[in-house]
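Reviewing the structure listed below.
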Amino acid sequence: MTGPGSNGTPSTAARLSKHARSKSCSRGDRESASGSSANGASRSSGEEDEKDGGVLFYVNRSGFPIDGQTWERMWLHVARIHPEGKEMVDRIRHAAHLARLPVPSVPIFKPSMSVPDCLHVIQQYMKLLQYNHTGTQFFEIRKTRPLSGLMETAREMTRESLPIKCLEAVVLGIYLTNGLTSLERFPISFKTQFSGNFFHHVVLGVYCNGRYGSLGMSRRPDLMDKPLSFRTLSELIFEFEDSYQKYLHVVKKVKIGLYVPHDPHVFQPIEWKYLVLNCSKMSRGEMRKDLEKHARDMRMKILKSSSAQSPVKERARGKSLSPRRGQASPQRRHLQKRDKSPAMLDKKPAELSTLNDVGYQIRI
């Protein structure tokens with residue numbers, strides 16, 4: 001997120017020292033970069049990847065190991081935006097020895113852990129990775145990419161153990177919660193305005209046992225994770241809106257996606273903005289109505305998908321509500337016989353072939 005608190009880059013030196021010791025950013029890579037980047041070639045067409053609120057940040061599209069051009073471009077950008085400028089950069093890059101920082105361990109859940117405990121462990125892991133203040137996003141996240149591809153990127157995040165931004169945190173949060181099948185996950189995006197500029201942020205909404213919460217990363221601690229304690233989706237969204245007001249940001253739009261399947265091999269993209277709310281033109285009452293309708297629709301689609309996995313059980317349950325055989329008309333008895341035929345039972349699962357293992361097919 002490039003948003004509240006984006007004017008400064010505190011503790012950037014500590015984060016860059018972590019990058020410097022990374023196996024994917026060796027001294028050999030640094031020394032092999034061409035001198036043309038230092039003369040401003042890094043601002044050539046196509047390299048200026050993203051702007052958020054007028055603040056430039058780059059995206060590493062070269063993968064790992066990071067190539068020399070991307071590496072040099074990152075350091076040049078850091079020298080421009082950091083208060084100490086080139087002095088801080090030279091101090092790190094020319095250091096004879098850099099302290100080796102600990103690599104966070106990927107969370108392992110014990111059977112006795114509750115869902116809130118698991119979410120806490122995941123969020124602590126993200127905090128250990130730290131927020132990325134370098135101005136270069138290390139992992140390229142294309143929202144149109146299939147879920148299976150994004151999960152490969154999330155695995156790369158755990159291997160490289162580098163700082164992340166908000167969009168990377170959402171993908172990583174999905175990856176780390178795939179095993180929590182009682183937990184539903186969905187993206188929540190915010191567009192805010194401050195001092196004439198627009199800013200964008202995204203978190204991972206979570207739902208379990210009638211309560212909502214979130215996972216994520218931000219410069220501000222109250223704009224990322226929220227406890228699994230909100231009774232309604234609107235309460236969660238309004239909590240974020242109130243948090244933004246503390247930093248004089250006005251929420252202009254909120255985008256809510258759909259539940260993300262737990263199967264990491266699903267070859268379909270995440271639905272990032274199924275519901276879009278124009279907050280500047282809506283009252284809280286209107287927003288609450290639309291948010292709760294969307295929440296109900298998501299829950300109903302999950303229930304329908306789950307029940308569709310057991311067509312025989314559904315039919316058996318329906319028989320108890322039907323009239324006795326002796327009271328049924330001849331036409332009704334004929335339909336009941338056809339319903340019990342093997343052909344009918346074989347046909348129903350074929351219609352469900354597009355569902356994955358946990359019954360998610362929530363697109364219309």
Side-chain angles (χ1 to χ4, degrees), residues 49-50 59-64 106-107 109 115 118-119 122 125-126 129 137-162 164-189 200 202-208 214-217 255-276 294-295 297-311 346-364:
D49 291 312
E50 300 287 346
V59 176
N60 169 34
R61 304 186 189 280
S62 64
F64 293 89
V106 179
F109 307 131
V115 171
C118 294
L119 294 178
I122 291 172
Y125 172 72
M126 290 184 182
L129 291 179
Q137 182 175 301
F138 293 115
F139 304 93
E140 183 181 11
I141 306 295
R142 298 196 304 272
K143 289 185 175 181
T144 57
R145 194 179 181 191
L147 178 61
S148 56
L150 292 178
M151 294 300 95
E152 286 294 333
T153 302
R155 276 189 282 271
E156 192 172 42
M157 292 182 205
T158 61
R159 289 194 299 267
E160 299 297 335
S161 191
L162 290 171
I164 56 177
K165 295 172 74 69
C166 61
L167 184 57
E168 296 160 298
V170 168
V171 173
L172 182 60
I174 292 172
Y175 172 73
L176 295 175
T177 56
N178 275 335
L180 305 177
T181 55
S182 63
L183 181 77
E184 302 299 344
R185 300 83 44 82
F186 57 96
I188 306 174
S189 303
H200 300 271
V202 61
V203 297
L204 182 65
V206 292
Y207 172 79
C208 182
S214 68
L215 292 171
M217 286 292 284
K255 300 175 183 178
I256 313 292
L258 295 178
Y259 287 155
V260 179
H262 286 268
D263 184 356
H265 307 293
V266 170
F267 196 77
Q268 71 179 48
I270 296 172
E271 180 58 71
W272 295 89
K273 51 179 182 178
Y274 191 84
L275 174 67
V276 179
H294 179 68
D297 288 346
M298 285 199 295
R299 291 196 298 269
M300 289 304 297
K301 287 170 185 175
I302 291 299
L303 291 175
K304 288 179 181 179
S305 297
S306 300
S307 63
Q309 292 285 2
S310 305
D346 291 340
K347 184 177 180 181
K348 189 66 176 178
E351 296 173 352
L352 300 172
S353 60
T354 59
L355 297 176
N356 58 39
D357 294 339
V358 292
Y360 284 89
Q361 182 64 32
I362 56 181
R363 286 194 164 201
I364 297 177

Write down the atom of [X], the atom of [Y], and the distance for their closest heavy-atom approach.
| X | Y | result |
| --- | --- | --- |
| S62 | N60 | OG-OD1, 2.6 Å |
| A154 | L172 | O-CD1, 4.0 Å |
| W272 | L167 | CH2-CD1, 3.8 Å |
| S214 | V203 | CB-CG2, 4.4 Å |

Look at the side chain of [X] and the backbone N and O of [Y], then say whether any donor-acceptor pair between them is shorter than 3.5 Å.
| X | Y | answer |
| --- | --- | --- |
| H294 | G257 | yes |
| H262 | L183 | yes |
| T177 | I174 | yes |

Point to revise | Stepwise side-chain contact (heavy atoms from CB on, under 4.5 Å) check, N178 with V260 | key: CA-CA 9 Å; N178 275 335; V260 179; 5.8 Å; no
If I take atom [atom1] from residue [X] and atom [atom2] from residue [Y], how far apart are they, to the nearest 0.5 angstrom?
| X | Y | atom1 | atom2 | result |
| --- | --- | --- | --- | --- |
| I122 | L204 | CD1 | CG | 9.0 Å |
| K255 | H200 | NZ | NE2 | 7.5 Å |
| L147 | Q268 | CG | CD | 7.5 Å |
| L119 | C208 | CG | SG | 8.0 Å |
| I164 | F138 | CD1 | CZ | 11.5 Å |
| L129 | M126 | CG | CE | 8.0 Å |

Review point. Taking only residues two or more places apart in sequence, or in another chain, which ones meet R155 in a salt bridge (charged side-chain N to carboxylate O under 4.0 Å, His left out)?
Key: E152
**Study point:** Worked check of side-chain contact (heavy atoms from CB on, under 4.5 Å) between M298 and E184
**Key:** CA-CA 10 Å; M298 285 199 295; E184 302 299 344; over 6 Å; no
Study note, to complete from the structure: side-chain contact (heavy atoms from CB on, under 4.5 Å) test vs Y259 passes for just one of R185, E271, R299, namely R299
Practice item. Would you please test D297 and Y274 for side-chain contact (heavy atoms from CB on, under 4.5 Å) and show each step? Key: CA-CA 11 Å; D297 288 346; Y274 191 84; 6.0 Å; no
Review point. Do I188 and V170 come close enough that some side-chain heavy atom pair is under 4.5 Å?
Key: no
Check your understanding: More than 12 non-hydrogen atoms from neighbouring residues, nucleotides or ligands closer than 6.0 Å to NZ on K143, yes or no?
Key -> yes
Practice item. Kindly write out the residues that satisfy side-chain hydrogen bond (donor to acceptor under 3.5 Å, both in side chains) with S189, not counting sequence neighbours, or none if the list is empty. Key: none
Practice item. Any chance you could lay out the side-chain contact (heavy atoms from CB on, under 4.5 Å) test for T153 and R145, step after step, and finish with the verdict? Key: CA-CA 11 Å; T153 302; R145 194 179 181 191; 2.8 Å; yes
Exercise for review: Please state whether the rings of F139 and F64 are parallel, tilted or perpendicular, taking 30° and 60° as the class boundaries.
Suggested key: tilted
